[in-house]
Amino acid sequence: QVQLVESGGGLVQAGGSLRLSCAASGSIFSIATVGWFRQAPGKQRELVASITSGDITNYADSVKGRFTISRNNAKNTVSLQMSSLKPDDTAVYYCNAHINLIGIRNGNDYWGQGTQVTVSS
């Protein structure tokens, strides 16, 4: 009943910027915390940034000061603005959201399909 779709990935040079978007659709009653994760080849998936329904944000130390997560509750979208990109930021970026469906008490976590971000030096 729920679909998350990421977009905005691509190839950029070091020092450049990208803006990722995550759009949720379905019979949604509410969306709680949303997180952006990333996974590079041969590495563990890591949490990059998260944002609560009350707009409280957290960032991994590696991206703090460079990335900004935000949400538009009216549109059920979450964005990740990435600036001063480094080659180490290269990874597949995934959106994860805890979503409560209309008429269902317990919510569930949902994942998007991922979008590739490649930063060249």
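This chain uses plain numbering: 1 for the first residue, then up along the sequence.
For Ser30 and Asn100, the side-chain atoms include at least one donor-acceptor pair closer than 3.5 Å.
Taking the ring centre of Trp36 as origin, the terminal cationic atom of Arg45 falls outside the region bounded by 6.0 Å and 45° from the ring axis.
When all heavy atoms of Ala40 and Ala91 are compared, the pair lying nearest together is N-CB, 3.8 Å. Listed here is the closest heavy atom pair of Ala24 and Leu4: CB-CD2, 3.3 Å. Minimum heavy-atom separation, Ser17 to Ser84: OG-N, 4.3 Å. Across all non-hydrogen atoms, the minimal contact from Val48 to Tyr93 is CG2-CE2, 4.2 Å.
Under the side-chain contact (heavy atoms from CB on, under 4.5 Å) test applied with Leu18, the options Leu11, Val12, Thr118 reduce to a single match, Val12.
In this structure the side chain of Thr33 never reaches within 4.5 angstrom of the side chain of His98, judged on heavy atoms. The side-chain heavy atoms of Ile102 and Ile28, taken from C-beta on, include no pair separated by under 4.5 Å.
Leu47 and Val78 fall into different hydrophobic clusters, defined by Ile, Leu, Val, Met, Phe, Trp and Tyr side-chain heavy atoms under 4.5 Å apart, directly or through other members. One hydrophobic cluster holds both Leu80 and Leu85 under the rule that ILVMFWY side chains link at heavy-atom gaps under 4.5 Å.
Distance alone, capped at 3.5 Å, places no donor-acceptor pair between the Gln44 side chain and the Gln39 backbone. A donor-acceptor pair under 3.5 Å is absent between the side-chain atoms of Ser53 and the main chain of Ala32, judged by distance alone. Side chain of Arg19 to main chain of Gln81: no donor-acceptor pair is present (N/O by atom type, distance under 3.5 Å, no hydrogens or angles). Glu6 places a side-chain N or O within donor-acceptor distance of the main-chain N or O of Cys95, the cut-off being under 3.5 Å. Between the Tyr59 side chain and the Ile69 main chain, a donor and an acceptor come within less than 3.5 Å of each other. Here the side chain of Thr90 pairs a donor or acceptor atom with the backbone of Val119 at under 3.5 angstrom. The backbone N or O of Thr52 lies less than 3.5 Å from a partner atom in the side chain of Arg71, making a donor-acceptor pair.
We find the OH-CG distance between Tyr110 and Asn96 to be 11.0 Å, quoted to the nearest 0.5 Å. Note that CD of Gln116 is 12.0 Å distant from CZ of Arg38, once rounded to the nearest 0.5 Å. Distance check: Ile31 CD1 to Ile51 CD1 gives 11.5 Å after rounding to the nearest 0.5 Å. The line from OG of Ser50 to CG of Asn58 is 4.5 Å long, rounded to the nearest 0.5 Å. Here the straight-line distance linking atom CZ of Phe67 with atom OG of Ser62 works out to 7.5 Å at 0.5 Å rounding. Rounded to the nearest 0.5 angstrom, Asn108 CG and Ile104 CD1 are separated by 8.0 Å.
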Criterion side chain to side chain contact (heavy atoms under 4.5 Å, CB included) on Met82 and Val117, from CA distance to verdict: CA-CA 10 Å; Met82 306 185 295; Val117 172; 3.9 Å; yes

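With salt bridges taken as basic N to acidic carboxylate O contacts below 4.0 Å, none links Asp89 and Lys86.
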